[in-house]
Amino acid sequence: VAFLVSQGASLCAVDRCGGRSALHYAAMHQDPATINAILDNLPPFEDKHRCLNIRSSAGLTPLHMAVGHGAEDTVAALLAHEPLLSCVTSWACSEAFGMVQDKSSALHIAASSGHLLVAKQLLQ
């Protein structure tokens, strides 16, 4: 991550396949170390909260991804950086962790996926 920043890369850039950022992929792969590395090394021109709350084409944030996988450590890493909890998906979609309904918040995804410990994390 530090190398990418030193080369002027945008850590908030999104791909052409779903509009996902590096944070989305770190959350999908349940990698809290990479999440912290990205958010702790943002270059001055990047807005931390914009990167933290960036939405994919379907409206999923990195927090939605981590919650859907039931990844407690990854959710904790994201929550430490204070993401918006009120973000909802733009439409129903299928993700690696299952179907996501239209207008789902992270809490909706945790509850519908049976990730009760993650739901408790979100409520604290």
Side-chain angles (χ1 to χ4, degrees):
V1 173
F3 174 76
L4 292 173
V5 171
S6 74
Q7 299 301 305
S10 170
L11 298 180
C12 297
V14 297
D15 65 15
R16 295 180 190 160
C17 178
R20 295 179 181 132
S21 69
L23 273 179
H24 283 99
Y25 285 102
M28 288 167 53
H29 291 282
Q30 303 169 40
D31 190 347
T34 299
I35 287 169
N36 287 324
I38 292 168
L39 293 172
D40 292 340
N41 290 291
L42 288 174
F45 63 86
E46 303 254 46
D47 179 274
K48 178 179 178 177
H49 285 95
R50 184 181 82 72
C51 290
L52 185 59
N53 298 302
I54 198 161
R55 295 161 52 109
S56 70
S57 299
L60 281 84
T61 66
L63 183 62
H64 285 117
M65 297 290 194
V67 166
H69 286 283
E72 295 169 42
D73 292 344
T74 307
V75 170
L78 289 165
L79 289 175
H81 293 278
E82 302 180 4
L84 292 174
L85 300 179
S86 59
C87 292
V88 296
T89 57
S90 302
W91 56 75
C93 62
S94 177
E95 286 295 333
F97 55 83
M99 281 299 298
V100 179
Q101 296 302 313
D102 184 24
K103 307 291 184 210
S104 292
S105 69
L107 185 57
H108 292 126
I109 293 171
S112 66
S113 301
H115 301 306
L116 299 181
L117 293 176
V118 170
K120 287 180 182 179
Q121 283 179 284
L122 297 170
L123 292 170
Q124 292 177 345

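Numbering of residues begins at 1 and proceeds along the displayed sequence.
The shortest side-chain heavy-atom distance between Met28 and Arg20 falls under the 4.5 Å cut-off. For the pair Cys51 and Leu42, the minimum side-chain heavy-atom distance is below 4.5 Å. Here the side chains of Met65 and Tyr25 are not in contact, with every heavy-atom distance at 4.5 Å or above. Contact check for Leu122 versus Leu63: side-chain heavy atoms found under the 4.5 Å cut-off. For the pair Asp31/Thr74, no side-chain contact is recorded, criterion being any heavy-atom separation below 4.5 Å from C-beta on.
The shortest non-hydrogen separation linking Gly19 to His24 is O-CE1, 4.3 Å. Nearest heavy-atom pair across Ser56 and Gly18 is CB-O, 3.3 Å. Taking each heavy atom of Ser21 and Cys12 in turn, the nearest pair found is CB-O, 4.3 Å. Annotation for Thr34 and Ala26: closest pair CG2-CB, 3.9 Å, computed over non-hydrogen atoms. Heavy atoms only, all atoms of each residue included: Ala66 and Leu78 are closest at CB-CD1, 3.8 Å. Listed here is the closest heavy atom pair of Ala27 and Pro62: CB-O, 3.3 Å.
For Asp47, the CG atom counts as densely surrounded, since its 6.0 Å shell holds more than 12 non-hydrogen atoms of other residues, nucleotides or ligands. In this structure, Phe45 places its CZ atom where more than 12 heavy-atom neighbours from other residues, nucleotides or ligands lie under 6.0 Å away.
For the atom pair OG1 (Thr61) and CG (Leu52), the distance works out to 8.0 Å, reported to the nearest 0.5 Å.
Clustering ILVMFWY residues whenever any of their side-chain heavy atoms sit less than 4.5 angstrom apart, transitively, puts Ile54 in a cluster other than the one holding Leu60. Residues Val14 and Ile35 do not share a hydrophobic cluster, clusters being chains of Ile/Leu/Val/Met/Phe/Trp/Tyr side chains in contact below 4.5 Å.
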Q: Start with the C-alpha distance between His81 and Asp40, add both sets of side-chain angles, then the distance that settles side chain to side chain contact (heavy atoms under 4.5 Å, CB included), and finish with yes or no.
A: CA-CA 9 Å; His81 293 278; Asp40 292 340; 3.3 Å; yes
Exercise answer: donor-acceptor pairs, residues 82-91 side-chain atoms, under 3.5 Å, sequence neighbours excluded:
from  : atom 1 : to     : atom 2 : distance (Å)
Thr89 : OG1    : Gln101 : O      : 2.9
Thr89 : OG1    : Lys103 : N      : 3.1
Thr89 : OG1    : Ser104 : N      : 3.0
Ser90 : OG     : Arg55  : NH2    : 3.1

List the atom pairs, donor and acceptor, that lie under 3.5 Å between side-chain atoms in residues 108-120 and the rest of the protein, sequence neighbours left out.
from   : atom 1 : to     : atom 2 : distance (Å)
His108 : ND1    : Ser105 : N      : 2.8
His108 : ND1    : Ser105 : OG     : 3.0
Ser112 : OG     : His108 : O      : 3.0
Ser112 : OG     : Ile109 : O      : 3.3
Ser113 : OG     : Ile109 : O      : 2.8
His115 : NE2    : Gly68  : O      : 3.2

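For the pairing with Leu39, the side chain to side chain contact (heavy atoms under 4.5 Å, CB included) check across Lys48, Glu46, His49 returns one residue only, Lys48.
Legend: residues meeting side chain to side chain donor-acceptor pair (under 3.5 Å) with Gln30, ordered by chain and number and at least two apart, are absent.
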